[in-house]
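Data first, discussion second: the structure below is written as structure tokens.
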Amino acid sequence: MRTKLKALTCVLLVCSLLAPSAASAADSYMPLPYTDISKHWAKSSIIRGAYYGLFASGGSITRFYPNRELTRAEFVALMDRIFVVGKPHLYPLTFLSEHEGYGKAEGFDEPYLPYKDVNRLTWMYGPTLRVSVLLDRLYGPNAIQKIFPGPLFLPNQPITREEAAKLLAIYTMETDETKVWNTVNEWGWLAGKPKAKLKRGEAAALFDGLVQFFQSDVMLPLLDYDGQKFPMVPEIQDMFPLFAPYTEQVTGDDRIYVDAAEAIRYHEDSKETFRALRKLSEGTFDNQVGVHYYLSWNPDTEVAENLEHAFKAIDAYFADRIVLPDTLRLLTANVYDIALQMGATDPKMYETVLDRLDGYEQKIGIDPQESEVLALYKAALEAKMGHVDKALDIYRAYASRNQEALKNVVYYLVQKDRLPEAQSFLAGLQPKKSEVEMMQLSRLLKQELATIEEQSSIVRDLSFTMGRMDNLKGYKVEGEAVLKGFLVKYTEEVDWLSKAKHATGIYQSPQKLVLDKWESYTDTEKNTKYERNFDSESWEPSRVDQQEFMSDYVDGMSVKDRARILGARYYKQSFGEYHIITEWIPGDKIVEAAKNVSLNHGKIKSVPVFMNKYYIDSDSDLLVKRVWRYEEVYDTQEYVAYAGEESYKTQVDVRVSIPQEVKGAAR
């Protein structure tokens, strides 16, 4: 985790403008970006919005017009900008990484916008297209038409609160679209009548609240889709403070310290940086908290020595005896982070670190925040050691006011198959309306638990749909995918009566700029696939039941077996004419199953991601579309990424007959 933190520092520095400390700085030091907001009730949110880059400012832009109605195009542009910040939170449902703009395979075709009045050359086209693609990914084909129906977007028309709420639904994780308005209203994002127009000042307050929402990291589809979030610990907003106030005119040892801290912050540190800090630690320099904290970041020393410096920083904190819970949180997080590194190879280190943290209990005074900080990290170490009941006892004590504690309580109760106890605990919490974040988290967790309780029902629904697809006479598939850098666009006809498939398409190799043709036939009865070699003008047969990758094996399993054997988890949402089911399969379960599977690429080492989305027509219960993302790492260090999407046309007459010359290739 510590390595990850350091690698992410550049990203965090760019995003630090979204942190409360930066927001406070914006309020205190940033001059008013507009001349017409000094007496407006949303002044602080407008300032922060300009600081975040949500609103244009500077140059010839001198006025914000806070009481002017916001247009549809302007709101969609704000949704596009805020998605950059919220993308990691939505990733489990969108599968869109930071490198993707339009999903699919990012290959041959750019999606189109179903509106005649949004010109490709205008500023609004890109944001509107990206939001349209995002809605498609979340809720199914042409989802934006459910919000703004018809051939015209009317981009300059003022947006209503109800329309805005439907767009904001992506962040509520609501499973039923009919409840969206109430949810958005309860959370304080929007108030008033659904048909009332949204004003620019109100939008600034709304998106300011969204930024705070993202910071709380409350969007947890089925608690933990990839098994990486828990135990959850408090979020650290600024990993590189100076631990004391300094002016720009500092001299002597103060200058040496500030320069060293800044060098580490911006990845410009060297051996000399840490030699200077070490010299300060041996003298009478008064900021020993900061000195030892930054010495713990030395990449050239043993991790055990870094841990000692991390503890010395806490010792110095208590020696100063100035109660600063945020500082203690950072220092304890640093110890915990190093413990994770050491515990990966020596689990006994968790107990050693826990014992040392216990020693600070007697140094804590009456401040409850200091006790809470220490307790949450101690609970996390108990959980890492497998002492879940001990961890739960600690988390319960703080769960009514601390989000991480509450999330950990619910998660570990579910992990211990104590779902009713988790539901009862949540039901006993009654956040006040003023406690918006706890109210949001409580509702999201209740929704998670309700979905977990419905897993068998969702599995039956998806199994029914897949069974219906298998019992059709046939259907047509249109898809685009990327596998190991190869881009493929294809059309496949599936004829279940003749037990045959025919696929045609084009592909591009990462080593070639030109497109190549691709064609294949599949005899599903004999498990044989024939692929066309266009260079030799011949057909080459292969066995369908010989798995190339682990994803081939998993794809061949029934939905019920994925749930029963691989522990697949499912999340169902309804929007318009579609039911959308998202599937996550824990990577460790796939690795375990792979021990009994023979793969052409060798033994699988890890599966970072295995996710599918199924879009089901609510009237026919037939599959309309599927999106997937798989990542596999083999013991040869080969990394395989496979992503794509397929659309299914079932109202077509499909007839496939494998030509004799193709079948003759098997002889």
Side-chain angles (χ1 to χ4, degrees), residues 86 89-90 92-93 138-139 165-166 168-190 209-210 212-227 229-232 235 388 391-392 395-459 461 563 567-575 579-584:
H89 301 265
L90 281 180
L93 289 178
L138 286 168
Y139 300 127
K166 289 180 179 180
L168 292 169
I170 65 177
Y171 295 116
T172 68
M173 305 292 289
E174 184 59 71
T175 57
D176 184 348
E177 66 166 324
T178 62
K179 300 177 181 178
V180 168
W181 169 253
N182 287 337
T183 299
V184 170
N185 192 286
E186 287 173 7
W187 286 8
W189 288 352
L190 286 173
L210 262 180
Q212 306 306 316
F213 177 73
F214 295 147
Q215 291 173 356
S216 62
D217 194 18
V218 297
M219 301 177 70
L220 301 169
L222 301 187
L223 299 184
D224 191 15
Y225 79 97
D226 63 356
K229 283 184 176 291
F230 290 89
M232 292 199 83
E235 186 75 17
V388 174
L392 280 169
Y395 287 135
R396 282 193 185 95
Y398 299 98
S400 64
R401 63 178 183 270
N402 183 281
Q403 290 198 41
E404 284 76 21
L406 178 55
K407 285 181 273 193
N408 282 310
V409 166
V410 173
Y411 173 78
Y412 284 109
L413 285 175
V414 170
Q415 290 297 103
K416 300 283 281 186
D417 292 323
R418 291 153 64 178
L419 180 61
E421 189 176 341
Q423 291 172 320
S424 177
F425 186 87
L426 271 177
L429 296 178
Q430 298 295 330
K432 300 175 182 177
K433 286 190 175 181
S434 59
E435 298 173 329
V436 176
E437 291 185 357
M438 289 300 289
M439 186 173 64
Q440 291 170 341
L441 175 58
S442 179
R443 191 195 71 82
L444 286 169
L445 287 173
K446 287 177 182 177
Q447 189 169 284
E448 292 276 282
L449 297 186
T451 304
I452 290 172
E453 196 170 33
E454 296 169 359
Q455 287 297 286
S456 58
S457 174
I458 299 174
V459 167
D461 290 346
R569 290 162 288 172
Y570 298 89
Y571 197 82
K572 184 177 180 179
Q573 296 174 285
S574 296
F575 189 83
H579 297 306
I580 303 93
I581 296 177
T582 308
E583 175 187 61
W584 303 275

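Sequential numbering from 1 along the given sequence is applied to the chain's residues. None of the values given here were measured: they were computed from a predicted structure.
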Straight-line distance of [X] [atom1] to [Y] [atom2], nearest 0.5 Å:
{"X": "Q573", "Y": "I170", "atom1": "CD", "atom2": "CD1", "value": "11.0 Å"}
{"X": "L210", "Y": "L168", "atom1": "CG", "atom2": "CG", "value": "6.0 Å"}
{"X": "I458", "Y": "I452", "atom1": "CD1", "atom2": "CD1", "value": "10.0 Å"}
{"X": "L406", "Y": "S400", "atom1": "CG", "atom2": "OG", "value": "9.0 Å"}
{"X": "F425", "Y": "Q423", "atom1": "CZ", "atom2": "CD", "value": "13.5 Å"}
{"X": "Q440", "Y": "T183", "atom1": "CD", "atom2": "OG1", "value": "10.5 Å"}

Do [X] and [Y] make a side-chain contact, defined as non-hydrogen atoms from C-beta onward lying under 4.5 Å apart?
{"X": "L138", "Y": "I580", "value": "no"}
{"X": "Q455", "Y": "R569", "value": "yes"}
{"X": "K572", "Y": "E454", "value": "no"}
{"X": "T172", "Y": "K179", "value": "no"}
{"X": "R443", "Y": "M439", "value": "no"}
{"X": "L419", "Y": "V414", "value": "yes"}

Residue pair [X] / [Y]: nearest heavy atoms and the distance that separates them:
{"X": "E421", "Y": "R396", "answer": "OE2-NH2, 2.8 Å"}
{"X": "A422", "Y": "V410", "answer": "CB-O, 4.4 Å"}
{"X": "K407", "Y": "F230", "answer": "O-CE2, 3.5 Å"}
{"X": "N402", "Y": "A405", "answer": "OD1-N, 2.8 Å"}
{"X": "T582", "Y": "P92", "answer": "CG2-O, 3.7 Å"}
{"X": "M232", "Y": "K229", "answer": "CG-O, 3.3 Å"}

Set out, in order, the CA-CA distance, both residues' side-chain angles and the distance that settles ring pair (Phe, Tyr, Trp, His ring centres under 6.0 Å) for F213 and W189, then state yes or no. CA-CA 10 Å; F213 177 73; W189 288 352; 5.2 Å; yes
My understanding is that only residues two or more places apart in sequence, or in another chain, count here; which of them pass ring-ring contact (aromatic ring centres under 6.0 Å, His included) with Y398?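 For Y398, no residue satisfies ring-ring contact (aromatic ring centres under 6.0 Å, His included) once neighbours in sequence are set aside.
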So, using side-chain contact (heavy atoms from CB on, under 4.5 Å) as the criterion, who are the partners of S424 when residues are at least two apart?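 If we apply the side-chain contact (heavy atoms from CB on, under 4.5 Å) test to S424, skipping adjacent residues, there are no hits.
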Among residues at least two apart in sequence or on other chains, which ones pass side-chain contact (heavy atoms from CB on, under 4.5 Å) with V388?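 Counting only residues at least two positions away or on another chain, V388 forms a side-chain contact (heavy atoms from CB on, under 4.5 Å) with L392, Y412, K416.
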